[in-house]
J.: 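This is the structure, below, for whatever I ask next.
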Amino acid sequence: TASGGGGVGGAFFQLCAGEDGIEQGEEVSISYGPWPNDPFFLYFGFVPGANPNDAVVLFQDAGEVAACAARLGLFSKAKTAITAAGVAAGAAGAAEA
């Protein structure tokens, strides 16, 4: 067993070889866990390819969605209030149009 210092319980990672151990020259791999790409880039300096846990935040709240939709003309600004309640009403009005 090997550990690196500084993280939870004094370790950033823990390597357990199991009962059989590791043969000299045998490949050893680690898992960084199910993280999106941002922490990989910030903390480790790389981004894994084809990361199934990656995500992108496009809008912080429903108001931003409504404002963007209105700017793009997806539904009229008159039907869209920049509130969570207004978004539902504006979207319903757009569906009827």
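These numbers were taken from a predicted model, which means no experiment stands behind them. By convention here, the first residue in the shown sequence is residue 1.
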J.: Can you give each donor-acceptor pair under 3.5 Å made by side-chain atoms of residues 47-60, sequence neighbours left out, with the distance rounded to 0.1 Å?
T.:
residue: Asn51; atom: OD1; partner: Asn53; partner atom: N; Å: 2.8
residue: Asn51; atom: ND2; partner: Trp35; partner atom: O; Å: 2.9
residue: Asn51; atom: ND2; partner: Asn37; partner atom: OD1; Å: 2.8
residue: Asp54; atom: OD1; partner: Asn37; partner atom: N; Å: 3.0
residue: Asp54; atom: OD2; partner: Asn37; partner atom: ND2; Å: 2.9

J.: Would you say Glu26 has more than 12 foreign heavy atoms packed within less than 6.0 Å of its CD?
T.: yes

J.: Sorted by first residue and then second, give each ring-ring contact (aromatic ring centres under 6.0 Å, His included) pair with at least one member in residues 15-34; sequence neighbours left out.
T.: Tyr32-Phe40, Tyr32-Phe44, Tyr32-Phe46

J.: Where the side chain of Asp61 meets the backbone of Glu64, is there a donor-acceptor pair that is under 3.5 Å apart?
T.: yes

